[in-house]
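Below: the structure, in structure tokens.
Proteins get letters first, then strands, A, B, ... in listed order; numbering begins at 1 in each.
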Protein chains: 2
Amino acid sequence: MNARELLKQHVLKSASLTDEQFDYFFSHFSQQSFKKGQTIISEGNEVECEYFVLSGCLKAFFINDDIKMYILQFAMPTWWTSDYNALYSHSRATINVDCITDAEVLCLSNADREKLCAEIHQVEHFFRWRTNRGYVASQKRLLSLMNNDAKKRYEELLTLYPELYNLVPKHLIAAYLGITRETLSRLYNGR
Amino acid sequence: MNARELLKQHVLKSASLTDEQFDYFFSHFSQQSFKKGQTIISEGNEVECEYFVLSGCLKAFFINDDIKMYILQFAMPTWWTSDYNALYSHSRATINVDCITDAEVLCLSNADREKLCAEIHQVEHFFRWRTNRGYVASQKRLLSLMNNDAKKRYEELLTLYPELYNLVPKHLIAAYLGITRETLSRLYNGR
DNA sequence: ATAATTATGTGACCTACATCACATCGGGGG
DNA sequence: CCCCCGATGTGATGTAGGTCACATAATTAT
């Protein structure tokens, strides 16, 4: 499926746009290709855009003072990602986004999103629901982090996104779960 | 300040409604009063409404199988709360909301919110931004939970919301931080 | 193909926080 | 006014997961 169709099917799930409206909406996106390992957003820089993943897999992550990485989000096809804190508040990025595999994305600028939301009520509706779902998912992950031990969180992740198992190196899975790669290795190799 | 003015000032921060629009918007809210300890949403029941806090302090919390409580959110004046997962997906509540102090709230039904969002573009805009901010806050808390130890999280919480210190019993602060009351006690009484 | 990274496994030991047990304090209802 | 229960403090001990160290397998670059 091409970029236009993939985005269209995704958007129409939660908003009803006419064909003309969608074409206008789509005209504000630019397609970009990245190689495995390339950085899309890096800490300290301005953040202009959010990204809709067409193919491949990205990660949004934070590096702390001890150079430990924590992964906020994996982003696979039809997922959106960015440093939303920086994007919404027009501040510098505090997280990074890069490519776990080669990837293609559609890029939408903050200014264009706001313009489109103001111009087309249904676009605003779409973005409200996208964030609603993100918010609920984030709350669930918070609860899981407080309530479940590492093993349960690992099983939960693989149940929710089985495709990650082969796609993503284990030390990144660990960084998502909030544990070390050693602990993760011990979890599935029985202590 | 009365309920109408408090909500109006809150809404106008991120949306521009005319006086008539706001009056219409406001007419869909119903005011309710609760006593300390009263339950507003309880696990297993249908969730109809979300709540805008006028006065007092609520907590949204989860109780796990071991009867341990985890607090997802405190809600103070001008904050919104509900079980959004249940509310949005029309399922039964998996979390509870009750009153830490006597409280007054404005109650808006899910159906009315959607109706208002569809009727008034600026209302949809308002709710999009409200959730945007909630999403960013939730991501920050996730990072903090993974990256910082209990002491740092405690200091962070008190810096962000100093009013909680006198308002909320310590065992609830602990339940928010994801630690036991004993550990919290040891943190600020130097081991 | 070979060298150089990068990812993963595994042991020994350490630490933050949990658990359990019991003491004390303080405020609201009878 | 007193009693009782919820909130808090504190010690002794248990444990999940972290840290460090080193070995080995799998990719990537040359």
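Side chain A:Glu182 to base D:dC20: a donor-acceptor pair is found below 3.5 Å.
Contact annotation for B:Gly37: no contact, since no heavy-atom pair falls under 4.0 Å across all strands. Counting any heavy atom pair closer than 4.0 Å across all strands shown, A:Lys68 reaches sugar-phosphate atoms only and no base atom.
Taking 4.0 Å as the cut-off between side-chain N and carboxylate O, A:Glu50 and A:Arg130 count as a salt-bridged pair. In summary, A:Asp83 and A:Arg92 do not engage in a salt bridge, as defined by a charged side-chain N under 4.0 Å from a carboxylate O.
Checking D:dG18, C:dA18, D:dA21 against the side-chain heavy atoms of B:Thr180 singles out C:dA18 as nearest. The side chain of A:His171 lies closest to C:dA7, out of D:dT19, C:dA7, C:dA16. Closest to the side chain of A:Ser185, from the set D:dG18, C:dG9, C:dA16, is C:dG9. Among the nucleotides D:dT10, C:dA18, D:dT8, the one closest to any side-chain atom of B:Asn189 is D:dT10. Taking every side-chain heavy atom of B:Arg186 into account, D:dA12 is the closest of C:dG9, D:dA12, D:dC20.
For the pair B:Asn147 CG and C:dA16 C1', the interatomic distance rounds to 15 Å; values are reported in whole Å. Remark: P of C:dT10 and CG of A:Leu187 are 13 Å apart, rounded to the nearest angstrom. Between the CG atom of A:Leu145 and the P atom of C:dC17 there is a distance of 13 Å, rounded to whole Å. Atom CZ of B:Arg181 is separated from atom P of C:dC17 by 17 Å (rounded to the nearest Å). Atom CG of B:Asp66 is separated from atom P of C:dC17 by 20 Å (rounded to the nearest Å). Rounded to an integer number of Å, the gap from B:Lys152 NZ to C:dA16 C1' is 15 Å. In this entry the distance linking CE of B:Met146 with P of C:dC17 reads 16 Å, nearest Å. Atom pair A:Asp149:CG and C:dA18:P shows a separation of 14 Å (rounding to whole Å applied).
For the pair A:Lys151 and D:dG17, the criterion of a side-chain N or O lying under 4.0 Å from OP1 or OP2 is not met. For A:Tyr188, a side-chain nitrogen or oxygen approaches OP1 or OP2 of C:dG9 to under 4.0 Å.
Sequence order on DNA chain C of the closest nucleotides to B:Ala150 and B:Lys36 puts B:Ala150 first from the 5' end.
For the residue pair B:His10/B:Trp80, the side-chain donor-acceptor check at 3.5 Å is satisfied. The closest side-chain donor-acceptor pair between A:Ser109 and A:Glu48, if any, does not fall under 3.5 angstrom.
Centroid-to-centroid, the aromatic rings of B:Phe25 and B:Phe29 come within less than 6.0 Å.
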